[in-house]
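Structure, as structure tokens:
Please read these numbers as outputs of a predicted model, since none were measured by experiment. All heavy atoms count here, side chains included; hydrogens, waters and symmetry mates do not.
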Amino acid sequence: MSKKVYIETQGCQMNEYDSSRMADLLGESHGMVRTDNPEEADVLLMNTCSIREKAQEKVFSELGRWRKLKEKRPEVVIGVGGCVASQEGELIRKRASYVDMVFGPQTLHRLPKMLDEKQNNKISIVDISFPEIEKFDFLPEPKVEGFKAYVSIMEGCSKYCSFCVVPYTRGEEVSRPFDDVIAEIVHLASQGVREVTLLGQNVNGYRGHYHDGEVCTFAELLKHIADIDGIGRIRFTTSHPLEFNDDLIEAYTLLPKLVSHVHLPVQSGSDTILAAMKRNHTAEDYLQRIRKLKIARPDIHLSSDFIIGFPNETDQDFVDTMNLIAEVDYDHSYSFIYSKRPGTPASELPDNTSEEDKKERLALLKARIKQNTERKTRAMLGTTQRVLVEKVSDRDQDYMVGSAENTRQVLLPRNDALIGKFADVVIDQIMSINTVRGHEIVWME
Ligand code: SAH
Ligand code: F3S
């Protein structure tokens, strides 16, 4: 019987991607299959996140549960990967000696070897080095289910925002070669994938090499991906405002396959805070790009990350953030209270804003943006939306579910021939803040 691997993923989409690659890898090397029941797993892997303190705390409480499983079945192998592993290294085994393997985001491709070494020599392994982009050279072709897939196009981050651990845990920016990215997407399209999401900490900082050694920019990469047969929709995340240049904005006029949604994190609307965060741009720089983008693609939906309560954030700084939100008119956001991360420059800054003020500001910001989400969903009534139809609804077998470009879920009357296809749907009912219903008028091969 095949051995089983259980993978718990914490944190971002990069980690989701890495986890599925770990499963592909162990499937290929050890014939392992992924299970969603840790009780029956031979190998337990935790892909961790250290972006905020809360995420990091979860690691050891969860490991405590896995320890009990190992007490019952001592042959179980436990591995910890991801950003906490990268940051803590050996310390993980000091706090949890029953952990057998510790690996970073850049060494997950060595998992099969680590596992063999563990099993043959009974030694525990810690490997959290940054061997450039070697990782991708050792990963098997990705397996996919469904019509959407993630494609990692670059790793790491060299921006060093003062609050953020990513450059330390994932290393500096490295782009995947152009040919590799294209080959992976062609392969995905041949398996029926219709929508790709390009992944990286700063995808618009992409500087991959063509096989002749010339540099390919992100805007150029998008054009080549748009030429791939079968791919009908392109998303990407995350991009940084600094490199959201005119070429990229122009891509929104040239490439209809680029969705009308951009996630462009601004973090704060206050110039004082942006400078202290080392974001290297002002609120006005950001707004200028947004204005241009809205001209290039008038129906663009925008989203952002916000950090509330950065050290010394004043009421006025917060008002500046709310004013920026009002001008951009965001569709949604991912907003959190600042969390002090060891080793980052911001962790040295005195913080004299009260917890109460931070919570109140966060609640105000979230309420404001939620109103936008609701308004924009309601505005879909009577419009025609291009929908990627994915499956029959679990809740109601008479309906199919798909997704609109603006990430809303769309229900439409059941027609199995539409699965995996794009359809133009007229919206005639608003079901909830994120779900609408309609009927298709045209569908495409
Ligand atoms: N590459 C992205 C961000 C990646 S981290 C960018 O260009 O901004 C994802 C989000 O986590 C960040 O946008 C930020 O809002 C949040 N984040 C990072 N460090 C944080 C911290 N110390 N406290 C709170 N939120 C943080
Ligand atoms: Fe973090 Fe800033 Fe990079 S938020 S991931 S250091 S762009």
Side-chain angles (χ1 to χ4, degrees), residues 2-38 40-50 55 58-59 62-63 66 69-70 76-89 92-93 96 99-119 124-146 148-156 169-171 174 176 180 184 187-188 191 197 199-201:
S2 309
K3 296 240 179 205
K4 295 195 170 95
V5 55
Y6 173 81
I7 310 178
E8 181 179 312
T9 311
Q10 296 159 357
C12 64
Q13 286 152 322
M14 267 47 92
N15 269 10
E16 293 282 348
Y17 176 86
D18 282 349
S19 291
S20 54
R21 305 322 310 276
M22 291 177 204
D24 290 346
L25 202 61
L26 292 176
E28 198 183 71
S29 64
H30 288 70
M32 282 195 183
V33 290
R34 200 166 171 175
T35 170
D36 49 18
N37 178 9
E40 60 166 30
D42 304 281
V43 175
L44 294 163
L45 298 178
M46 193 179 297
N47 195 1
T48 62
C49 170
S50 60
K58 257 200 349 220
V59 173
E62 190 64 29
L63 278 175
W66 287 9
L69 294 178
K70 193 160 170 149
V76 167
V77 175
I78 298 182
V80 179
C83 289
V84 177
S86 174
Q87 200 158 34
E88 305 287 324
I92 302 244
R93 285 193 24 85
V99 169
D100 302 293
M101 306 184 293
V102 178
F103 54 96
Q106 304 316 354
T107 46
L108 64 92
H109 59 285
R110 297 180 181 161
L111 260 180
K113 230 176 84 197
M114 291 184 203
L115 191 59
D116 288 341
E117 261 176 69
K118 165 71 203 157
Q119 283 167 334
S124 301
I125 320 253
V126 177
D127 183 353
I128 50 163
S129 54
F130 294 111
E132 279 278 308
I133 203 137
E134 169 190 305
K135 165 176 170 182
F136 290 110
D137 297 335
F138 292 89
L139 292 176
E141 299 270 26
K143 283 194 204 68
V144 283
E145 274 167 40
K148 295 178 175 177
Y150 290 125
V151 177
S152 174
I153 65 162
M154 50 116 51
E155 284 277 329
T169 59
R170 288 191 166 256
V174 192
R176 259 178 108 179
D180 293 7
E184 185 163 317
H187 173 74
L188 291 169
Q191 293 183 73
T197 303
L199 285 184
Q201 292 299 341

Rounded to the nearest 0.5 Å, what separates atom [atom1] in [X] from atom [atom2] in [Y]?
{"X": "Ser152", "Y": "Gln13", "atom1": "OG", "atom2": "CD", "result": "11.5 Å"}
{"X": "Ile7", "Y": "Leu26", "atom1": "CD1", "atom2": "CG", "result": "7.0 Å"}
{"X": "Leu44", "Y": "Thr35", "atom1": "CG", "atom2": "OG1", "result": "9.5 Å"}

Subject >> Any residue meeting side chain to side chain contact (heavy atoms under 4.5 Å, CB included) with Ala55, in chain and number order, not counting sequence neighbours >> reply: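 Partners of Ala55 by the side chain to side chain contact (heavy atoms under 4.5 Å, CB included) criterion, ordered by chain and then number, come out as Cys49.
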Mind listing the closest non-hydrogen atom pair of [X] and [Y] along with its distance?
{"X": "Ile128", "Y": "Phe103", "value": "CG2-C, 4.0 Å"}
{"X": "Arg21", "Y": "Pro142", "value": "NH2-N, 3.4 Å"}
{"X": "Val5", "Y": "Ala41", "value": "C-CB, 4.4 Å"}

Original post:
Partners of His30 by ring-ring contact (aromatic ring centres under 6.0 Å, His included), sequence neighbours excluded?
Top reply: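 By the ring-ring contact (aromatic ring centres under 6.0 Å, His included) rule, His30 matches no residue at all.
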**OP:** In plain terms, say whether Lys113 and Asp116 are close enough for a salt bridge, that is, a side-chain N and a carboxylate O under 4.0 Å apart.
**Re:**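 No, no charged N to carboxylate O under 4.0 Å.
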**OP:** Say whether, by atom type as modelled, one donor and one acceptor occur between the side chain of Asp100 and the main chain of Gly79 under 3.5 angstrom.
**Re:**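 Absent.
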**OP:** Apply the side-chain contact (heavy atoms from CB on, under 4.5 Å) test between Thr48 and each candidate in Val80, Thr9, Asn15; give the one that qualifies.
**Re:**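 Considering Val80, Thr9, Asn15, a side-chain contact (heavy atoms from CB on, under 4.5 Å) with Thr48 is found only for Val80.
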**OP:** Before giving the answer on side-chain contact (heavy atoms from CB on, under 4.5 Å), spell out for Ile78 and Leu69 the whole-Å C-alpha distance, their side-chain angles and the decisive distance to 0.1 Å.
**Re:** CA-CA 10 Å; Ile78 298 182; Leu69 294 178; over 6 Å; no
